> 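The structure under discussion is supplied below as structure tokens; questions concerning it will follow.
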Amino acid sequence: MNWETRMSSAAARPERCTPEPVSATLAGLHQIRLPVQHYDLATTLTSGQAFRWKLCGESWEGAIDRRWVRLAAAEDSILAETAEPIGNGAWLENYLQNRVDLESILATFPDDGPMRAAVSACFGLRLLRQDPWECLASFILSSTKQIVQIEQIVALLCERFGEPVPVPPGHSPAYSFPTADRLCACAESELRSCKMGFRAAYLKGSAEMIASSVIDLSKLSALEIGEARESLLQLPGVGRKIADCVLLFAYGFPKAFPIDVWVMKALRRLYFRGRRVPLRRLQRFSDEHFGPFAGYAQQYLFHYMRRSEP
DNA sequence: CCCCAGGTCAGAC
DNA sequence: GTCTGACATGGG
């Protein structure tokens with residue numbers, strides 16, 4: 001699925017005045033510079049949507065599919081380095097969503113106090129476009145876990161069951177995220193040894209349904225959001241919240257609005273005077289109140305809440 | 001000892 | 001249909 005076909009508003013336009021990215025090779029490292037404005041790389045990579053980015057000095061290291069990547073934020077650009085030739089960089093730009101015009105998305109948010117505060121607290125926060133299986137599996141592992149621990153579990157899972165990916169000479173090894181096929185070949189006890197506890201059965205069960213094509217993740221992008229959600233809800237360990245995370249972070253459905261404990265706190269506190277509100281009412285409120293890019297607004301509220309209340 | 005973490009599920013009404 | 005407790009594990 002592509003962003004353009006799904007977005008109907010002004011936000012479909014690419015970032016204005018964006019020149020073609022420049023690429024180069026340097027000492028076995030391949031570089032590409034992506035011009036972009038209003039992109040807070042650190043906030044984006046640590047906002048609880050992806051779990052594999054590590055801060056190494058001034059830059060961020062991780063893997064996108066089977067490619068090792070190092071990212072560094074500059075004034076009006078992101079510098080990316082890879083171990084292998086980058087090609088045209090479409091895979092990278094798709095992941096980073098750097099051509100999305102952030103300001104036109106922010107312009108669709110409701111003009112109320114809470115949203116103004118959230119946007120000003122996390123300006124430059126973006127939504128990534130992740131691989132569906134990695135995103136799904138990661139969020140199956142996320143339930144009632146803190147983000148630091150999710151990162152730990154995912155790292156263990158990749159080290160043990162992922163495949164080594166090419167890294168720069170002398171660099172420590174990096175691993176791909178294990179495929180569904182690989183994970184259903186694991187015993188549940190092997191998965192548990194990655195400290196995922198009761199989530200092991202969910203992960204294995206979901207991996208089996210994906211590997212046996214009971215659910216075809218590559219077909220969800222063609223569906224309407226409700227249909228795609230119903231499909232994800234078939235998977236063990238996947239309820240409304242995790243389904244919405246995948247719809248938002250992997251498929252880019254802009255109306256997907258995952259409500260976790262933090263977003264619930266934010267909605268209650270900022271819009272319902274701190275009162276207890278049934279989840280389904282919050283769900284309806286968020287769908288009606290936050291506009292065509294509600295999912296983006298959700299990510300701002302989530303990060304705003306976490307940042308203001310350590 | 002307590003409570004909580006980017007929840008989901010089965011079993012009770 | 002809604003509500004409750006169990007589910008592993010680690011941090012504060």
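Worth saying up front: this structure is predicted, and the values here are computed from it rather than measured. Labels below follow one simple rule: chain letters A, B, ... track the order of the sequence lines, proteins then strands, and each chain is numbered from 1.
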> Measure from CG on Leu141(A) to C1' on dG6(B) and round the result to the nearest Å.
12 Å
> Should the ring pair Phe285(A) and Tyr271(A) be called parallel, tilted or perpendicular, given that the plane angle runs from 0 to 90° and is split at 30 and 60?
tilted
> Between dG10(C) and dC9(B), how far apart are the two P atoms, rounded to whole Å?
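dG10(C) and dC9(B) have their P atoms separated by 24 Å.
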> Verify whether one side chain among Ser286(A) and Gln298(A) offers a donor that lies under 3.5 Å from an acceptor in the other.
no
> Run the salt-bridge test on Arg52(A) and Glu134(A) with the 4.0 Å N-O cut-off and return the result as yes or no.
yes
> Charged N to carboxylate O below 4.0 Å: is that the case for Glu93(A) and Arg99(A)?
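Counted as a salt bridge, because a side-chain N and a carboxylate O are separated by less than 4.0 Å.
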> Determine whether the aromatic ring of Phe302(A) stacks with the base of dG6(B), defined as ring centroids separated by less than 5.5 Å and ring planes inclined by less than 30°.
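Stack criterion met.
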> Is Arg306(A) close enough to dA5(B) that one of its side-chain N or O atoms is under 4.0 Å from OP1 or OP2 there?
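No, Arg306(A) has no side-chain N/O under 4.0 Å of OP1/OP2 on dA5(B).
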> Using a heavy-atom cut-off of 4.0 Å across all strands, would you classify Phe249(A) as base, sugar-phosphate, or nothing?
base
> Taking atom types as modelled and ignoring hydrogens, do the side chains of Asp216(A) and Ser218(A) form a donor-acceptor contact shorter than 3.5 angstrom?
yes
> For the residue pair His38(A) / Asp101(A), report whether a side-chain donor-acceptor contact shorter than 3.5 Å exists.
no
> Does Ala243(A) or Lys265(A) map to a spot on DNA chain B nearer the 5' end, using the closest nucleotide for each?
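Per heavy-atom nearest nucleotide, the more 5' residue is Lys265(A).
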> Does a donor on one side chain and an acceptor on the other come within less than 3.5 Å for Arg126(A) and Thr43(A)?
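Checked: Arg126(A)/Thr43(A) side chains show no N/O donor-acceptor pair below 3.5 Å.
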> Look at the side chain of Gln146(A) and decide which nucleotide, out of dA8(C), dG10(C), dG7(B), has an atom nearest to it.
dG10(C)
> Suppose you measure atom P in dG11(B) against the same atom in dA8(C); what distance do you get, rounded to whole Å?
15 Å
> Does anything in residues 148-157 of chain A come within less than 4.0 Å of DNA chain C? Heavy atoms only, and list the residues if so.
Gln149(A)
> Tell me what Ser47(A) touches on the nucleic acid: a base, only sugar-phosphate, or nothing, going by heavy atoms under 4.0 Å.
base
> If we ignore angles and hydrogens, is there a donor and acceptor under 3.5 Å between the side chains of Ser47(A) and Gln49(A)?
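On atom types as modelled, these side chains qualify, holding a pair under 3.5 Å.
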> Nearest-Å distance, CG (Leu279(A)) to P (dG1(C))?
15 Å
> What's the gap between dG6(B) and dT4(C) when it is taken at their P atoms, as a whole Å value?
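One P to the other, the span is 23 Å.
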> Using a strict cut-off of less than 4.0 Å between a Lys/Arg side-chain nitrogen and an Asp/Glu carboxylate oxygen, indicate whether Arg70(A) and Glu61(A) qualify as a salt bridge.
yes
> Could you tell me the separation between the CZ atom of Phe198(A) and the P atom of dG10(C), rounded to a whole number of Å?
13 Å
> Taking only the side-chain heavy atoms of Lys145(A) (C-beta and beyond), determine which of dT8(B), dG6(B), dA8(C) contains the nearest atom.
dA8(C)
> Does Thr144(A) reach a base, just sugar-phosphate, or nothing at all? Heavy atoms under 4.0 Å.
base
> To the side chain of Lys195(A), which of dG10(C), dG6(B), dG7(B) is closest?
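The answer is dG10(C).
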> Distances under 3.5 Å between protein N/O atoms and the N/O atoms of nucleotides 9-13 of chain B, please, pair by pair.
unit_1 : atom_1 : unit_2    : atom_2 : d
dC9(B) : OP1    : Gly237(A) : N      : 3.1

> Does dA8(C) have OP1 or OP2 under 4.0 Å away from a side-chain N or O of Arg192(A)?
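Checking Arg192(A) against dA8(C): at least one side-chain N or O falls below 4.0 Å of OP1 or OP2.
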> Just the rounded figure in Å: distance from P of dT8(B) to NZ of Lys241(A).
7 Å
> Rounding to an integer number of Å, can you tell me how far His303(A) NE2 sits from dG6(B) P?
12 Å
> Within this structure, what is the CD-to-C1' distance between Glu188(A) and dA8(C), rounded to whole angstrom?
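Rounding to the nearest Å, CD of Glu188(A) and C1' of dA8(C) are 12 Å apart.
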> Taking atom P of dG6(B) as reference, at what distance in whole Å does atom CG of Leu136(A) sit?
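Leu136(A) atom CG is separated from dG6(B) atom P by 19 Å.
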> Quick one: do Asp244(A) and Arg240(A) make a salt bridge, cutoff under 4.0 Å?
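Salt bridge flag = yes for Arg240(A) with Asp244(A).
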> Under 4.0 Å between a side-chain nitrogen and a carboxylate oxygen: does that hold for Glu163(A) and Arg66(A)?
yes
> Whole Å only: how far is the CE atom of Met264(A) from the P atom of dC4(B)?
13 Å
